[in-house]
J.: 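Quick one: this structure, given as structure tokens, is what I'll be asking you about.
Lettering follows sequence order; numbering is per chain, from 1.
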Number of protein chains: 2
Amino acid sequence: MDIKDIAKLAGVSTKTVQRVLNDSQHVKKETREHIQHIMSEHNYYPNVSARRLAKKKTQTLGLFIVQDPKKDNIYADDFFYSSVISQMITSAGDRGYKMLVTTTSVEDASPILKLYREKSIDAGMIISWSDIQETVDKILDYGYPVGVFDQNNLPERMEKVPVPELLNKESAFEATRHLISLGHQLIGIIAGEATNQAALERLEGYTSAMARAGLEAGPYYHGTFVEASGEEAVRSWISEETLPTAIFCSNDEIAVGALKALKQHDISVPDQVSLMGFDNIKITEYTTPTLSTMHVPRVEMADHLVEQMISQAEGSESVKKKYFTASLIERGSTAGPRRKKDSSD
Amino acid sequence: MDIKDIAKLAGVSTKTVQRVLNDSQHVKKETREHIQHIMSEHNYYPNVSARRLAKKKTQTLGLFIVQDPKKDNIYADDFFYSSVISQMITSAGDRGYKMLVTTTSVEDASPILKLYREKSIDAGMIISWSDIQETVDKILDYGYPVGVFDQNNLPERMEKVPVPELLNKESAFEATRHLISLGHQLIGIIAGEATNQAALERLEGYTSAMARAGLEAGPYYHGTFVEASGEEAVRSWISEETLPTAIFCSNDEIAVGALKALKQHDISVPDQVSLMGFDNIKITEYTTPTLSTMHVPRVEMADHLVEQMISQAEGSESVKKKYFTASLIERGSTAGPRRKKDSSD
DNA sequence: AACTTTATTGAAAGCGATAACATAATCGGC
DNA sequence: GCCGATTATGTTATCGCTTTCAATAAAGTT
């Protein structure tokens, strides 16, 4: 049952049938209705492959989830990106686009390029924990549209690559300001990797908030965005006896690690130490105490990226930059300094 | 740059080029290499849409994530299914299949059927929290291959629909046995919805383990697979003074709820009450104490389903049933009864 | 009523692969 | 050195939709 059959049955040309399919003008109302009737009666659906071939458009976006060699699973147990991914799929669907999802490794960009070249997708988006500048460059060299959802910024050729941007500095400022407003004076920070732009910006935000409040910067720990860093930071501060009364953790995983280490040393959160996270991943609601954090509007960011990619797929050249800000979520891990005195110090 | 251009450049017919593309026999080594050389030099990739049209196969699977009307997000923050989904994508990719992922509502099956009818996919899989018998039936009526990943069993026409099955009864037996072996005698169960086959089977497993050990069944709470049920169960038992020394929670979410309620009443886990979950979702590692649970091999189950669907897509009619068993994971929420006596009773 | 417009419809040539069928070249075996 | 059996290669129709260009019908103008 193809378009010709329908045309024959309706006593019109295929062109006319095609006109009603594409909901276009220039078809008499009666003709349209007649054809529509026949189509639904015979349960006709146009063949997508044929249409794609003729139109040279796929109405499909590619989503490339880059496997981090250091993690064994992909986004499976990642609390941040899973909601991003699900939103992207929904956003694309809402706009009439299909989403082809693939998992790939960082080293080999060829499976990604293949999808573009064999015309399986009109545009693609990369979600990654690692540096993918090289892959992005290759895609751009071929002239295909690509966007990135990543918290590590891509410094080069950004003007062509949509990347929803979080105002890390402003958001970290706000997080720190919250701790300050609770009355803390000695506030430390556990920062993420120095190669990561977001980590640096969050550090800046902290620094400027402290400066603005006339406070001296507290102890600083240079770690990475993982639990272990939080644990290490706390342990080293305890052994050096420089543990502050409040800690701004550059992301929630670090905060979870810090919380673990504090518990092990029987230091109460938030009574003795307040903990502030960043990202608002799901587990922050399950720890004891629950973690105060900065909510990153990742759903909105994902939606915006999809929108950008579709408009590029449809020919637009411009990239509309949009900036997002994280919002404060107060939970159980932050309070004023030294509410109780259970132990020494 | 299409197959004709390559053929012309290589001085052969398109058929010959097509032969080397499809890696087929009957091509002289020199010819093959010559053609391959030209292809890579000109960066040629066969157009997938054209191939699909001609072959009438898409080499693509559909993944339908059915939105639960009761939950606001899709699989985003679902700890169980996110790893299933990611594994499915990877498994399909490993077998040379693409994965088209869509989110849909339960009420309207038409977007799913559309994908089949317009020939966007060869086979599909449904992930759902709700009952989807109707949708599955419709798909089967049209004769398309469909598989399901769901913990609610589908009683009808199962012989045609691959569904990786967990041996719930056996696994629940094992969970209960674990509590018994720790020395507990008074063991309660918080069960999931009675309409859910998995919930019933887990209940059976519990019952038979108790019987086998010569123990009387403990208090029973009929709830649903959500945190709130765990909380309610514990509260009602406390007020009735029937709180057992160990509780088998039919899934981890219930266990998390139970843990919350116990904490609120200052009842120590596992010192006063042991808690056993089921599923092994990620948060079980983040609660205090961490939750003992039964690990459901969902990654293996997902892989098996994908394998089944691909073989159906390629013409196989038979459904190979495979059964999976959950395995015990001991964490911090289970211990022998009454190790300490902190409070009364 | 003759003449523009404008709205509807159609014929046929692609789009870029696949595949059935036919044909030419090569290779042993005796 | 001839013949059947393989092995290589080519011709061409087809998959089902889109699209350019042209043609016809209906409606509006003065």
J.: Using a 6.0 Å cut-off, check whether atom NZ of B/Lys4 has over 12 heavy atoms from anything other than its own residue.
T.: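 No, NZ of B/Lys4 has 12 or fewer neighbouring heavy atoms, counting only those of other groups under 6.0 Å.
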J.: So, B/Asp122 and B/Arg52, do they make that salt bridge, N to O below 4.0 Å?
T.: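 Between B/Arg52 and B/Asp122 there is no salt bridge, as every charged N stays at least 4.0 Å from the carboxylate O atoms.
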J.: Output the rounded distance in Å from NZ (A/Lys15) to P (C/dA7).
T.: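 The answer, rounded to whole Å, is 16 Å.
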J.: Nearest-nucleotide wise, let me know which of A/Lys29 and B/Lys28 is further upstream toward the 5' end of DNA chain C.
T.: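 The residue mapped nearer the 5' terminus is A/Lys29.
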J.: Output the rounded distance in Å from NE2 (A/His26) to C1' (C/dT9).
T.: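 So the NE2-C1' distance, A/His26 to C/dT9, works out to 11 Å.
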J.: Could you please spell out the steps behind the side chain to side chain contact (heavy atoms under 4.5 Å, CB included) verdict for B/Asp150 and B/Ile127?
T.: CA-CA 6 Å; B/Asp150 196 336; B/Ile127 286 191; over 6 Å; no
J.: Distances under 3.5 Å only, N/O to N/O: pair up the protein atoms with those of nucleotides 14-16 of chain C.
T.:
unit_1: C/dG16; atom_1: OP1; unit_2: A/Lys56; atom_2: NZ; d: 3.3

J.: For the CD atom on A/Glu314, are there more than 12 heavy atoms of other groups (residues, nucleotides or ligands in this structure) within a distance under 6.0 Å?
T.: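 Buried by this count: over 12 neighbours within 6.0 Å.
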J.: Taking CD in A/Glu41 as the centre, count heavy atoms belonging to other residues, nucleotides or ligands within less than 6.0 Å. Is the count above 12?
T.: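 Counting other residues, nucleotides and ligands, CD of A/Glu41 exceeds 12 neighbours.
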J.: Hey, what bend do you get for the helix from C/dA1-D/dT30 to C/dC30-D/dG1 if you fit axes on five pairs at each end, rounded to 10°?
T.: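 End-to-end axis angle for the helix from C/dA1-D/dT30 to C/dC30-D/dG1: 30°, rounded to 10°.
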J.: Ion pair present between A/Glu118 and B/Lys98, side-chain N to carboxylate O less than 4.0 angstrom?
T.: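 Yes, charged N to carboxylate O under 4.0 Å.
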J.: Does anyone know the first and last nucleotide of DNA chain D in reach of chain B, 5' to 3', at under 4.0 angstrom to a heavy atom?
T.: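 It runs D/dT7 to D/dG16.
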J.: Establish, with yes or no, whether the OP1 or OP2 oxygen of C/dA11 is under 4.0 angstrom from a side-chain nitrogen or oxygen of A/Ser13.
T.: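 No, outside the criterion.
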J.: Is it the case that more than 12 heavy atoms not belonging to A/Lys8 sit under 6.0 Å from its NZ atom?
T.: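 Not more than 12 within 6.0 Å, no.
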J.: Give a yes or no on whether a donor-acceptor pair under 3.5 Å exists between the nucleobase atoms of C/dT9, that is its base, and the side chain of A/Arg19.
T.: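 Side chain to base: pair found, below 3.5 Å.
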J.: Have a look at A/Val48 and say if it touches a base, only the backbone sugar-phosphate, or nothing, with a 4.0 Å heavy-atom cut-off.
T.: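 A/Val48: no heavy atom of the nucleic acid under 4.0 Å.
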J.: Which of parallel (below 30°), tilted (30 to 60°) and perpendicular (above 60°) describes A/Tyr144 and A/Tyr116?
T.: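 Rings of A/Tyr144 and A/Tyr116: parallel, under 30°.
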J.: Less than 4.0 Å between a side-chain N and a carboxylate O, is that true for A/Lys322 and A/Glu165?
T.: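 No, no charged N to carboxylate O under 4.0 Å.
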J.: In whole angstrom, what separates B/Asp5's CG from C/dA17's C1'?
T.: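 Going from B/Asp5 (CG) to C/dA17 (C1'), I get 13 Å.
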J.: Would you indicate whether A/Lys57, at its atom NZ, is surrounded by more than 12 heavy atoms from other residues, nucleotides or ligands within a distance under 6.0 Å?
T.: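 Enclosed: over 12 neighbouring heavy atoms sit under 6.0 Å from NZ of A/Lys57.
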J.: Answer yes or no: is there an ion pair linking B/Lys114 with B/Asp108, defined by an N-O contact shorter than 4.0 Å?
T.: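 Salt bridge: no.
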